[in-house]
> 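Following this message is one structure expressed as structure tokens.
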Amino acid sequence: MAAGADAAARAAACDIPSLDRLLRDPAFEGLLGHYGQSRLTAALRARLGALRQAAREDRLRHDALAPAALAQDARRALEDSDRSRLRSVFNLTGTVLHTNLGRATLPDEALEPVLRALTTPVALEFDLGRGGRGDRDELVEDLVCELTGAEAATVVNNNAAAVLLMLNALANRREVIVSRGELVEIGGAFRIPDIMSRAGAKLVEVGTTNRTHPADYGNAIGARTAMLMKVHCSNYAIQGFTRSAEVDEVAAIARRHDLPVGVDLGSGTLVDPARWGLPHEPTVRDTIQAGADLVTFSGDKLLGGPQAGLIVGRADLISKIRRNPLKRALRVGKLTLAALEPVLALYRSPELLPERLAALRLMLRPQSAMQAQAGRLRPALEQALGPDWTVEDCAMSSQIGSGAMPVEALPSWGLRLRRGGKGGSGRALQQLAKRLRELDRPVIGRIHDDALWLDLRCLEEGDEAAFASQLEELRA
Ligand SMILES: *Cc1c(COP(=O)(O)O)cnc(C)c1O
């Protein structure tokens, strides 16, 4: 009897309605208005093709042919193809400034200016006082100078661009002296020697990997020397029998030869994080005070702003950099400047930064807050995953990321998921990680030590309900 009922429900290719008839059906009216005839036609044609194939394989059912069902299918397909590829995710990797997840999340203060810059004409390169052409750097230059003590500042696409531009403007066809211990590679193929050669500058290495003395710089200076450079060892640390020349020592030598000193500070913070109990980092102001003529740093690392590269320092050198044709190729757009200005403005009230600057707030989240959160989320996750998995809440350690303070770990708390039985756990973990990535807002964790780790540092309380509510989907 069941087989008979099934046969009755089965449909043949000749039962499939025509495209024209469907487009006239009231069930499609809303879709037609929203997506337009050509897109809806294409979506329907694809669906009808799939139904014909199902008919050939004798697995087409009558109920799939109802106009309401077909409209529902078309809506789902169209919504899927319209969904932005730049998906919001939950960053539970334990890395706060995760380059692959967009680094710093911006404070609310940046929203309104960005929205305005998107939707209205803005005075981007227009001097409203004189009524003539202006310079886009002027939008943030005074603020940057106020916060760093620099004479002048310019903004480009990212710090890699800032370093490239600085080297090309100051050292094209000439030599730049750098310590061997500072010839770093930053993730994503940024290597100081490569950038140097692309900028047209010749690298002169001094010292050894672990030890470079101030005199090493002095001994390497010759007729073709254009500048002395120091690079922040962002993502590694040399420990033990080490010596590196400080900025002030290198600057003293440079001054005797009338040469500039450039410092690639990498993360480039404007306030020493030690103020909040985080590891000490030299600020941009410290570096200028120590004698650097130019300092370059990122906008989206410790600074907590949009992707950008800032070059700050002596007015005559910045002016030379601005006149370099590469500056035009590497300049930032209005959206970046619209986001950067309000982030910089937050630094005028440093005592309020832990509250307002999203990136810093995450770095400073107390372990107890994450522990309480883990306690709240654990039962729901256990339920969703079923008896094959054990969910433990436990202490973890997160990192700041993007090469900031590589050796320092931030004590955090999270959930550790392990496969109950033995064997094949690697594969099962990969599959679980995949299921988490397939959620409506994908959850990105970290596989380590035969477990999937969900570090809760970057799941702020405001996002917790959204995270918890989609755990249901995991059960399916
Ligand atoms: C991160 C970093 C860079 C590259 O900066 P981007 O903003 O990612 O281009 C260059 N130098 C140092 C020392 C860095 O830490």
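Just so it is clear, the structure is predicted and the values come from calculations on it, not from any experiment. In each ligand, atom 1 is the first atom listed, and ligand 1 is the first ligand listed. Only this structure's heavy atoms are used, side chains among them; waters, hydrogens and symmetry mates stay out.
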> Do any pairs count as a ring-ring contact (aromatic ring centres under 6.0 Å, His included) and have a residue in residues 88-137, sequence neighbours left out, and if so which ones?
F90-F467
> Would R103 count as a contact residue for ligand 1, given that I'm defining contact as a non-hydrogen atom of the residue lying under 4.0 Å from a ligand atom?
yes
> What I want to know is whether S298 and ligand 1 share at least one N or O pair that is separated by under 3.5 angstrom.
yes
> Are any of the side-chain nitrogens in R365 or E461 under 4.0 Å away from the carboxylate oxygens of its partner?
yes
> Any chance the side chains of D272 and T283 put a donor and an acceptor closer than 3.5 Å?
no
> Hey, which atoms in ligand 1 end up nearer than 4.0 Å to a heavy atom of K301?
1 (C), 2 (C), 3 (C), 5 (O), 14 (C), 15 (O)
> Would the distance check show the side chain of R378 and the main-chain N or O of V391 forming a donor-acceptor pair, the cut-off being under 3.5 Å?
yes
> For R376, is the CZ atom crowded, meaning more than 12 foreign heavy atoms sit under 6.0 Å from it?
yes
> Where the closest heavy atom to atom 11 (N) of ligand 1 is concerned, which of V263, N158, D264 has it?
D264
> Answer yes or no on whether R418 is positioned over the face of W389, meaning its NZ or CZ is under 6.0 Å from the six-membered ring centre and within 45° of the axis.
no
> Quick check: does H232 get an N/O under 3.5 Å from an N/O on ligand 1?
no
> Quick check: does L265 get an N/O under 3.5 Å from an N/O on ligand 1?
no
> For ligand 1, does Q307 get within less than 4.0 Å through its side chain, its backbone, both, or neither, judged by non-hydrogen atoms?
neither
